[in-house]
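Worksheet for the structure shown next.
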Amino acid sequence: MVQVTIIRLIGYREWTESLGPDREHIIQRVQAQLHRELVEAFSKLNAWAHPLRYDYLLAITNGLGNDELIRIIKGLADYSPVPLSSGTYADVNPRVAEKEAFRLAIKAGPGVSLMGDFDDGPVAIAHIDLIDSTSSTEWTSSYQLYEHVWGVVNQVRLHLAQYGGITLYLGGDNIVSIIQPTINEDDLKPLANLVNSRIGIGIASSGRAAMKLATEALDMLRSRNNHGVLMLRED
């Protein structure tokens, strides 16, 4: 099962509109600071976090209880222009867990963290590296490469939806997807062929550990110059 926490920035749209028309640089600065603090706060507790639309933030929080989550929310509130709330839920399907966590975050009032089903079982993360996409800038352009990567992100998202995938773009030619821990290497080989990629899968008791193993698997594939899929599990 995967435990998902959704953090809601209450009144975010209204805050942005209050800044006037010359606001985008202010919004980008606040978003960058929130991104940094989000990642740092959750990684210290062996979780893994990433922004969604910036009015909502996502974290994979297997093993964390509500007291720990409340402390994180209170800390992040120092960097947010609006109040925060959060919801946490666990399910074998990451998309179900996210949907229920979102509902709890909407229900929670400012400064409140609501938790549904708790889980300290394994979480699975796939780290996907597109082969030779960066070198293609020699014959195209940075923006065309950007368009290509986003097209691939959508292909990955559609393919992994059947495994409950929550797919996010990490930058460069790297994509990550939180997937069901029951997945196996053969399930993802068609995707590796479809988008010409290497896929490292990590399965561990925490989001940070799963991401570390997924990246280790990816690095092993790169060192062998292999195309395909490799899974590593926590001892």
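- You'll find the side chain of Glu234 stays beyond 4.5 Å of the side chain of Pro122, heavy atoms only.
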Under the criterion side chain to side chain contact (heavy atoms under 4.5 Å, CB included), I'd like the reasoning laid out for Ile199 against Leu218: C-alpha separation, chi angles, the key distance, then a yes or no.
CA-CA 6 Å; Ile199 304 176; Leu218 191 59; 6.0 Å; no
Going through the checks in order, is the side chain to side chain contact (heavy atoms under 4.5 Å, CB included) test met by Tyr163 and Asp187?
CA-CA 9 Å; Tyr163 304 106; Asp187 291 330; 3.6 Å; yes
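- Of all heavy-atom pairs between His50 and Tyr169, the closest is NE2-O, 3.6 Å.
- Counting heavy-atom neighbours within 6.0 Å of Asn184 CG, excluding the residue itself, gives a total above 12.
- Side-chain atoms of Leu191 and Val156, non-hydrogen and from C-beta on, do get closer than 4.5 Å to each other.
- Evaluation of the ring-ring contact (aromatic ring centres under 6.0 Å, His included) test over residues 201-222, restricted to residues two or more places apart or in two chains, returns none.
- Using a 4.5 Å heavy-atom threshold, the side chains of Asn196 and His227 count as touching.
- Contact record, Phe42 with Ile7: CE1-CD1, 3.8 Å, taken as the closest heavy-atom pair.
- For the residue pair Thr5 and Ser86, the shortest heavy atom distance occurs at CG2-CB, 4.2 Å.
- We find the CD1-CG distance between Ile72 and Leu57 to be 11.5 Å, quoted to the nearest 0.5 Å.
- Heavy atoms from other residues, nucleotides or ligands lying under 6.0 Å from CZ of Arg36 number 12 at most.
- A search for salt bridge (Lys or Arg N to Asp or Glu O under 4.0 Å) contacts involving Arg8 returns nothing, not counting sequence neighbours.
- Taking 4.5 Å as the limit, some side-chain heavy atom of Leu52 sits within range of a side-chain heavy atom of Leu168.
- The two residues Ala124 and Gln180 have their closest heavy-atom pair at CB-O, 3.8 Å.
- Side chains of Asp55 and Val82 form no contact here, defined as non-hydrogen atoms less than 4.5 Å apart.
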Please step through side chain to side chain contact (heavy atoms under 4.5 Å, CB included) for the pair Met220 and Leu232, ending with a clear verdict.
CA-CA 10 Å; Met220 291 172 68; Leu232 296 179; 4.1 Å; yes
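- Salt bridge Glu98/Arg95: absent, no basic N to carboxylate O contact under 4.0 Å.
- Looking at Val4 and Thr88, their side chains never come closer than 4.5 Å, going by heavy atoms from C-beta outward.
- Here the closest heavy-atom approach between residue Val30 and residue Tyr79 is recorded as CG1-O, 4.3 Å.
- Among residues two or more places apart in sequence or in another chain, the side-chain hydrogen bond (donor to acceptor under 3.5 Å, both in side chains) test is passed with Tyr146 by Trp150.
- Asn62 places a side-chain heavy atom less than 4.5 Å from the side chain of Val2.
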Output, in order, the C-alpha distance, side-chain angles, deciding distance and verdict of salt bridge (Lys or Arg N to Asp or Glu O under 4.0 Å) for Glu185 and Lys189.
CA-CA 7 Å; Glu185 291 182 2; Lys189 286 179 180 178; 5.1 Å; no
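- Looking only at side-chain heavy atoms (C-beta outward), Arg198 and Ile131 come within less than 4.5 Å of each other.
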